[in-house]
Amino acid sequence: MAKAVFEALSISGKRVGLTRNVWYDKILVDHPEFGERDTYLEDVRKAVQQPDYVVKGWAGELLALRWCATAPKRPKYLCVVYRELNDEGFVITAFFISRYQKLLRREIVWQRK
């Protein structure tokens with residue numbers, strides 16, 4: 001695995017990593033609001049490790065949703081898209097979403113009690 005910014009255990013017990021390349025060259029470029037607070041990186045890790053929901057993506061990826069009270073402009077959900085392969089996984093991207101109900105129409109794999 002390329003140099004990781006963090007590794008977190010997903011709800012299925014797999015180690016999911018976020019590489020420096022994905023954080024700096026993808027997420028911070030496509031979604032510069034993540035650069036506004038140092039805590040957002042930890043929020044991304046928590047979304048993978050302690051999500052409120054995990055739903056299936058269209059192409060085998062998983063979407064972890066976690067409520068973020070400190071999201072830009074107003075509280076909303078943080079969505080972290082990741083893929084699991086064998087015993088590990090990797091973060092693809094992350095973004096904030098207020099219309100999260102559309103994602104919940106997909107297959108919910110896991111939900112916080």
Exercise for review: Using the salt bridge (charged side-chain N to carboxylate O under 4.0 Å, His left out) rule, collect all pairs that involve residues 31-41, keeping only residues at least two apart or in two chains.
Suggested key: none

Check your understanding: Hey, are the side chains of I27 and V44 touching, using non-hydrogen atoms and a 4.5 Å cut-off?
Key -> no

**Study point:** Beyond-backbone contact of V22 with I92, side-chain heavy atoms, under 4.5 angstrom
**Key:** no

Revision key, fill the gap. On a heavy-atom basis, the closest approach of L28 and G35 is CD2-N, 3.5 Å

Point to revise | Centroid-centroid distance, F96 to F34, less than 6.0 Å | key: yes

First locate atom [atom1] of [X], then atom [atom2] of [Y], and finally report the distance between them rounded to the nearest 0.5 Å.
X	Y	atom1	atom2	value
I97	C68	CD1	SG	13.5 Å
E84	K14	CD	NZ	5.0 Å
L41	F6	CG	CZ	6.0 Å

**Study point:** D30: partners by side chain to side chain donor-acceptor pair (under 3.5 Å), with sequence neighbours left out
**Key:**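 D30: side chain to side chain donor-acceptor pair (under 3.5 Å) contacts with K26.
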
Practice item. Could you give me the CA-CA distance, side-chain angles and deciding distance for S10 and Q49, then say whether side chain to side chain donor-acceptor pair (under 3.5 Å) is met? Key: CA-CA 5 Å; S10 70; Q49 199 159 304; over 6 Å; no

**Study point:** Same cluster (ILVMFWY, side-chain, under 4.5 Å), V29 and L18
**Key:**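 Different clusters.
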
Review point. If you group Ile, Leu, Val, Met, Phe, Trp and Tyr by side-chain heavy-atom gaps below 4.5 Å, do L9 and I11 land in one group?
Key: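 As far as the 4.5 Å side-chain criterion goes, I11 and L9 are not connected within one cluster.
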
Identify all side-chain donor-acceptor contacts of residues 102-113 below 3.5 Å with residues at least two apart in sequence or on another chain.
unit_1	atom_1	unit_2	atom_2	d
R112	NE	D52	OD1	3.0
R112	NH2	Q50	O	2.7
R112	NH2	P51	O	3.1

Practice item. Start with the C-alpha distance between V91 and V16, add both sets of side-chain angles, then the distance that settles side-chain contact (heavy atoms from CB on, under 4.5 Å), and finish with yes or no. Key: CA-CA 7 Å; V91 173; V16 175; 3.9 Å; yes

Exercise for review: Sequence neighbours left out, what pairs pass side-chain hydrogen bond (donor to acceptor under 3.5 Å, both in side chains) with at least one residue falling in residues 55-68?
Suggested key: none

Practice item. Mind checking salt bridge (Lys or Arg N to Asp or Glu O under 4.0 Å) for R45 and listing every partner two or more places apart, or none if nothing turns up? Key: E42

Hey, can you pull the donor-acceptor pairs under 3.5 Å for the side chains in residues 69-83, sequence neighbours left out?
unit_1	atom_1	unit_2	atom_2	d
R74	NH2	S98	OG	3.3
K76	NZ	P72	O	2.9
R83	NH1	A59	O	2.9
R83	NH2	A59	O	3.1

